[in-house]
Amino acid sequence: MDVNNLPTRYDPASTEDKWYKFWEENNLFAAKVNPAKNPFSIVIPPPNVTGILHMGHALNNTIQDILIRYHRMKGEESLWMPGTDHAGIATQNVVEKAIAKDGLKRQDLGREKFVERVWQWREQYGSTIIHQLKKLGASCDWQRTRFTMDEEYSNSVNEVFIRLYEKGLIYQGNYIINWCPRCQTALSDEEAPHRELSGNLYYLRYPLKKYRVQSTGYRAKDAEYIVVATTRPETMLGDTAVAVNPKDKRYKKLIGRTLILPLMDREIKIIADALVDMKFGTGAVKVTPAHDPNDYLLGKKHKLDFINVMRPDGRMNENAGKYKDMDRFQAREVILEDLKEKGLLEKVETHNLSAGHCYRCHTIIEPYLSKQWFVKMKPLAKPAIAVVKLGKIKFYPKRWTKVYLNWMENIQDWCISRQIWWGHRLPVYYCRKCSDIIVSREKPEKCPKCSSTDIYQDEDVLDTWFSSWLWPFATFYWPFNANAPYTVHGTQYKKDLAYFYPTSVLVTAPEIIFFWVARMIMAGLEFMKDIPFRDVYIHGTVRDIEGKKMSKSLGNIIDPLDIIKEYGADALRFSLISITSQGQDVFLSKERFEQGRNFANKIWNASRLIMMNLDTSLVKTDLCQFFSQKDLDITNRWILSRFYSVLKEVNKDLESYKFNEAANALYAFFWHEFCDWYLELIKSDIKNPHNQIVMYKVWEKFLRAMHPFMPFVTEEIWRKIKNESIMVQPWPHTQENIIDKPTESKMQRVFTLINILRNIRFQLEIPLENTLNFMVFTSRPNKELIKSLSKQIEAVSRNHLLDAKLEGEYRRTNNEFNIVSEGMHIVIPLSAVIDIEKQKERIESDIKRVKAEIDNKKALLTKTDFIKRAPQEIVEAEKIKLAELGERLKKMEAVRDGFR
RNA sequence: GGGCAUUUAGCUUAGCCUGGUUAGAGCGCGUGCCUCACAUGCACGAGGUCAGAGGUUCAAAUCCUCUAAUGCCCACCA
């Protein structure tokens, strides 16, 4: 490999696809049952087949890939199970839009043809997101890729439905559910998030049937009608009562009386119920049992009629009289007009309310009475609460535990039937003759009750999440149907499941906790009798720089694929990770990716320098053996110590899901310690075998540690000198014995000296080509240190060290420039003209700072409380600091006085 | 109505769990450099009452309480 002619800029475009292909073709992502190794497994949150990679995916999958690559290198058998979700409503909507271009509706095609079209669509576009994940570098075991509508997966779904039904945990019933009039399907509560709306509260007058004067002093004019307040006046057409609180004095006498429902001329009763809030509105509430969940309860309790006035498409039906066929919101306007005309609209107040919205099309949902299928959740929730409370499943960050438990403890039954075509049909059949319900794995030949063969399947499909909640085990082909001989990488799936389940960690976004995380825990416990994962890592939401969610309608989307094109996948990954602190939302702007790109380039160029100067005959030296040699110089001992200190921290951060801290630690180490200091220090003597060996060892270990974060650039560099892929190399082993804090702080002093020298040079405006002579007066250990590193110090500061002496040896002469800082007294014989005034100013400000610090320390040390109560070592440390500061001040003052 | 989170330099933020250097960093800014790995770079520098108030402590960005602002989630607010 010719490493001398590499371009000066790293070009991601020319490397990424090449290496991805190599990894894939060599099966490096494959995970197999291996009893000799510990398993590590993650199931991907399956993206929708309609999905296009967005920043949320990019973050989510980068995190998973870092975990998988890290654990793989650590020698664990690491499986990242990929796949996609059929995403019922979302996908159906997409295909409906597509056929709409040909002027077609799904009803025009019919169910069978339409579903066929969806499958076609899926064949054509369904793997888009998989390709995009590959661009990102995701190391999924692609041979295992599953789809929630695969035949075997569908079997799992059926099996689960049947088992729950047989256990009495699935039931059918007429209830008020969330109905989306646009998608024309029922939705679960989670699929109908409430959003604030600015609306009105309308006060409607409902006349009493016939007023009868009471002896207790009612006056007729007060009681000719009762006023109810509503935000949805169109539902009044379905009112079957008006309710008041039994304690409400205003209405007590009216309870049981009859009203005439305006516009419909229907007689309705005034009923009493404690649910009615006396303080809201007029204290009297219209009751529409078929269109409101509360009213539904009242309706059941008081045996009221349930009158549905709306069609599934949100238009009024034949029960709505003259308003039939009007859209619900149009009907609202007309009804208000009509009421106004009759003098029955008392007033209108503005009123903010919140209403459910379809999570797919954002249409305002309609609470709608219909026959649906439900899962009884309380029995499933109970063990799922316990495992989290017992700490068998842990949330990171911890605070989500509370959110989870709160939801679980107040869980409602789950409406799982959907009136769409794309999805798993319910394994439910009906007998047309005797209306018997048959729940069965196969379509029954005849009705078990009446033997009729006139049997048809339920038209509904299941909620998408009813298949997703089985993902951690259904992806392994559970329940291993007899017809399924399935093996992967030569092993039966059954063995895979036993080996890889429970999975290690689930990585997802907060909005998915209820939809998916909670339900997977319930399903895992119910069907596998074990938790589906041990840890749940919840990352933040990706937002734009103003904190807004990225969305098409806001036009603030940053497309990860654009970023990959422009900056590279490594840059995308690194930048995303470095700004994502645990569980915080991520605020993105395009410029942020420059940091990642620049870092990749830095790694590239440092590697060029190393490779161009590398003596490959030395690289096989065993580091431990080599390190034990006493004559290894301080620069090399220092960088080794720093590397292992950082590596230790990176390990800790990765184990606790602090990805940003790990990434930033590696960044700071490589750039600001390895490149800025180490490589600069050894450059002048780069061929020295000690330098060669240490430079090489730190560099190649860094590349390995960096690989999970930036897989492409590390592989590209690795392959310049090695024949094996970096992704199957072992994770660097921490050498505790090499970590040497005293050496680290010694080197820090050298850096301080160099920093001062550079600063002087800059202040004195001495051009680079001029050498500056200097002397240092300092303590004995510092003196030895400086002398031993004189060459390097001279090289990187571009100065010449005349001598280093003990501070007591200083004798003032006339023609010199002094500077005292950080325990070093530097003397520069004056040969050039320098700006004395500037230097005076500088030293004055230094003196001021040190004095202030001394005052602080003195104040602290004269406090008897501090002396008495603080730990002894803290007090001692403070005393030493004070003494040092005093010494420093004395010297500074001497120098200042010298200027006078 | 309930809950959670956030508030640190011009911007984005780390540090807070586990109190003890001069509160770190990236971008931006100022100045000087195309120095033989890298101008996607190097060097030097400016910039912070750690939201406010109170408390605990010898010691608070860090622990506790309250307040304010912002954001998010949940809830059957007709």
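Protein chains get the first letters and strands the later ones, always in sequence-line order, with residue 1 at the start of each. For the numbers below, each heavy atom of this structure counts, side chains included, while hydrogens, waters and symmetry mates do not.
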With A:N691 via side-chain hydrogen bond (donor to acceptor under 3.5 Å, both in side chains) - residues at least two apart
A:N636

Who are the ring pair (Phe, Tyr, Trp, His ring centres under 6.0 Å) partners of [X], not counting sequence neighbours?
X: A:F712; result: A:W23
X: A:W400; result: none
X: A:F515; result: A:Y359, A:W465

Is there side-chain contact between [X] and [Y], with heavy atoms separated by less than 4.5 Å?
X: A:S656; Y: A:E661; answer: no
X: A:I682; Y: A:M695; answer: yes
X: A:R758; Y: A:V796; answer: yes
X: A:I270; Y: A:V244; answer: yes

Applying a 4.0 Å non-hydrogen cut-off, can you work out what [X] is touching in the nucleic acid: base, sugar-phosphate, or nothing?
X: A:P367; answer: nothing
X: A:M611; answer: nothing
X: A:R399; answer: sugar-phosphate
X: A:T288; answer: nothing
X: A:V287; answer: nothing
X: A:D676; answer: sugar-phosphate
X: A:K857; answer: sugar-phosphate

To the nearest angstrom, the CZ-P distance between A:R195 and B:C77 comes to 16 Å

Between A:D865 and A:K863, is the closest basic N to carboxylate O distance under 4.0 Å?
no

Pairing of A:D273 and A:K301 as salt bridge, 4.0 angstrom limit
yes

Protein-nucleic acid N or O pairs under 3.5 Å, nucleotides 1-3 of chain B:
from	atom 1	to	atom 2	distance (Å)
B:G3	O3'	A:K402	NZ	3.3

What parts of residues 876-883 of chain A reach RNA chain B, counting only heavy atoms under 4.0 Å away?
none

Suppose we call a contact any N or O donor and acceptor under 3.5 Å apart; does that hold for the side chain of A:K863 and the base of B:A59?
no

Stems where RNA chain B pairs, listed by first number, each of three or more Watson-Crick or G-U pairs under 3.5 Å
B:1-7 with B:68-74, B:10-13 with B:24-27, B:29-33 with B:41-45, B:51-55 with B:63-67

Taking atom C1' in both B:G48 and B:G24, compute the distance separating them and give it to the nearest angstrom.
12 Å

Does a side-chain N or O from [X] land closer than 4.0 Å to OP1 or OP2 of [N], or not?
X: A:N759; N: B:G45; result: yes
X: A:W671; N: B:A37; result: no
X: A:N755; N: B:C44; result: yes
X: A:R597; N: B:U40; result: no

Within the supplied structure, the quantity of interest is the number of heavy atoms (other residues, nucleotides, ligands) at a distance under 6.0 Å from A:K652 NZ; does it exceed 12?
no

So which pairs with a foot in residues 666-676 of chain A pass salt bridge (Lys or Arg N to Asp or Glu O under 4.0 Å), sequence neighbours left out?
A:R642-A:E673

All pairs passing salt bridge (Lys or Arg N to Asp or Glu O under 4.0 Å) where residues 230-244 of chain A contributes a residue, at least two apart:
A:R232-A:D292, A:R232-A:E366, A:E234-A:R332, A:D239-A:K286

Any protein N or O atoms within reach of nucleotides 14-19 of chain B? Criterion: under 3.5 Å, listing atom names and distances.
from	atom 1	to	atom 2	distance (Å)
B:A14	OP1	A:S581	OG	2.7
B:G15	OP1	A:E661	OE2	2.8

Give a yes-or-no answer on whether the side chains of A:S188 and A:E191 include a donor-acceptor pair shorter than 3.5 Å.
yes

Under the salt bridge (charged side-chain N to carboxylate O under 4.0 Å, His left out) rule, collect the residues that match up with A:K683, sequence neighbours excluded.
A:E680

Listed pairs, N/O of protein and of nucleotides 24-35 of chain B, under 3.5 Å:
from	atom 1	to	atom 2	distance (Å)
B:G26	OP1	A:H672	NE2	3.2

